[in-house]
Amino acid sequence: MNDARVTVLAGGVGGAKLAHGMELAGADLTVVVNTADDVELHGLAISPDLDTVTYTLAGLADDVRGWGLAGETYATLDAMRRLGEDTWFTLGDQDLATHVVRTARLRAGDTLSEVTAQITASLGVRSHLLPMTDDLVATVVETADGSLGFQEYFVARQHRDEVLGLTFVGAEQAAPAPGVLDAVSGADLLVVAPSNPFLSIAPVLAVPGVRDALASSTARRVAVSPIIGGRALKGPAASVLASLGHDVSALGVARLYVGLVDVMCIDETDRDLAPAIEALGLEVLVTDTVMGGAEGRERLARELLATASA
């Protein structure tokens, strides 16, 4: 099913890797990307998740660090530091160019969707990347020290704070970006990427119409667990599950997606959880979900594509 219309709901590195695998497998791919992590710094509009997916699909990502651009330099950041700027958020020279272009085009009146299409086309990305909304939505993290903006929690404080609650400010008033609902309703296969269920996927589903479109879709719907053996490969998914009262396991993730997906994809390490997940009414695909390189990404993508015709 190499020409399948595939829509991936994604945020961050896990979503980017899976999207890359889908491209390698030949899917007709649309990626709906979380934008609640977006932030304005130094007067620039920064969209970290959109950029991570874009750079990965363009073949420009730094796969060693898992974020940013390969071969990046930091002369501008060093100069800003000398001028007294607080540079807690690392911005490379090439990355800054993306933010400068995005900011200029937004100020000229383009929407985030339009700017994203321009940037991805310029970088040779074949797939369609859609921000979840063109409106402003911001993840606010509730902690013992009060409310934190997402990047303050995630980058400045290195996600050390216990997450006591989450608010997606502006989500209720937001509209899905053009093409988002069509991408969900018109797909042959819908994939919830192995992204953080609370910090990456929940904001996408909070945009009015998206959750309902996923729940009512007649396509095959698959979620890939970001938790393997009780741990997250990257980021705070495990700690957030725990602090918000959920099992830190693929089963805990599966419970979050009941009614939204048909199949839960879990790692071989968690094979013993399959019966409990099946008891939730979900099918289970057990495989190697660790996407180390291009070969692993494509392999996993092909296994997910096979579920569309199962």
Side-chain angles (χ1 to χ4, degrees), residues 1-12 15-16 18-23 25-38 47 49-54 56-58 102 105-106 109-137 168 170-193 195 197 200-224 257 259-263 301 304-305 307-309:
M1 202 169 179
N2 286 0
D3 59 348
R5 294 169 299 174
V6 177
T7 296
V8 176
L9 307 185
L18 184 56
H20 183 216
M22 286 293 177
E23 269 204 347
D28 178 0
L29 177 66
T30 299
V31 190
V32 178
V33 184
N34 169 44
T35 59
D37 295 3
D38 289 11
S47 296
D49 282 1
L50 275 172
D51 291 340
T52 295
V53 179
T54 296
T56 300
L57 295 183
R102 177 185 293 114
R105 290 177 178 171
L106 288 172
D110 288 349
T111 65
L112 183 58
S113 295
E114 291 168 338
V115 175
T116 300
Q118 294 162 2
I119 290 173
T120 54
S122 297
L123 295 179
V125 175
R126 301 190 307 274
S127 298
H128 305 288
L129 266 64
L130 301 175
M132 67 187 197
T133 180
D134 285 333
D135 299 314
L136 294 177
V137 175
F168 307 121
E172 291 183 1
Q173 295 77 39
V180 167
L181 296 185
D182 288 341
V184 175
S185 63
D188 298 310
L189 177 67
L190 286 164
V191 181
V192 179
S195 305
S200 294
I201 301 301
V204 178
L205 298 178
V207 176
V210 177
R211 176 181 287 271
D212 289 344
L214 179 60
S216 62
S217 172
T218 58
R220 288 286 275 179
R221 303 165 301 172
V222 185
V224 183
Y257 294 139
L260 296 176
V261 302
D262 309 297
V263 182
L304 298 177
L305 283 166
T307 69
S309 54

Worksheet entry | Sole residue of Arg105, Gln118, Arg102 in side-chain hydrogen bond (donor to acceptor under 3.5 Å, both in side chains) with Asp110 | Gln118

Item to complete: Check the pair Asp188 / Val6 against side chain to side chain contact (heavy atoms under 4.5 Å, CB included), numbers first and verdict last.
Response: CA-CA 6 Å; Asp188 298 310; Val6 177; over 6 Å; no

Response to the item:
So OG1 of Thr116 and CG of Leu130: to nearest 0.5 Å the spacing works out to 8.5 Å

Worksheet entry | Check: Ser217 side chain, Ala213 main-chain N or O, donor-acceptor pair, under 3.5 Å | no

Practice prompt. Report yes or no: does Asp49 contribute a side-chain atom to a donor-acceptor pair with the main-chain N or O of Thr35 at less than 3.5 Å?
Written response: no

Discussion item. For a 4.5 angstrom cut-off between non-hydrogen side-chain atoms, does Asp38 reach Leu136?
Written reply: no

Item to complete: Heavy atoms only: give me the nearest Ala183-Ala187 pair and the separation to one decimal.
Response: O-CB, 3.4 Å

Worksheet item: Rounded to the nearest 0.5 Å, what separation is found between the CD atom of Glu23 and the OG1 atom of Thr56?
Response: 10.0 Å

Worksheet item: Backbone N or O of Val204 within a donor-acceptor pair of the Asn34 side chain at under 3.5 Å?
Response: no

Practice prompt. Hey, could you give me the CD1/CD distance between Ile119 and Glu114, rounded to the nearest 0.5 Å?
Written response: 12.0 Å

Practice prompt. Kindly indicate whether the side chain of Leu304, heavy atoms from C-beta on, has any atom under 4.5 Å from the side chain of Leu18.
Written response: yes

Worksheet item: Are Val137 and Met132 close enough that some pair of their side-chain heavy atoms sits under 4.5 Å apart?
Response: yes

Worksheet item: So do Thr7 and Val191 actually touch side chain to side chain, heavy atoms under 4.5 Å?
Response: no

Item to complete: Show your working on side chain to side chain contact (heavy atoms under 4.5 Å, CB included) between Leu29 and Arg126 and close with a plain yes or no.
Response: CA-CA 8 Å; Leu29 177 66; Arg126 301 190 307 274; over 6 Å; no

Worksheet entry | Carboxylate-amine/guanidinium proximity below 4.0 Å for Asp262 and Arg221 | yes

Worksheet item: Does Ser195 reach the main-chain N or O of Ser200 with its side chain, forming a donor-acceptor pair under 3.5 Å?
Response: no

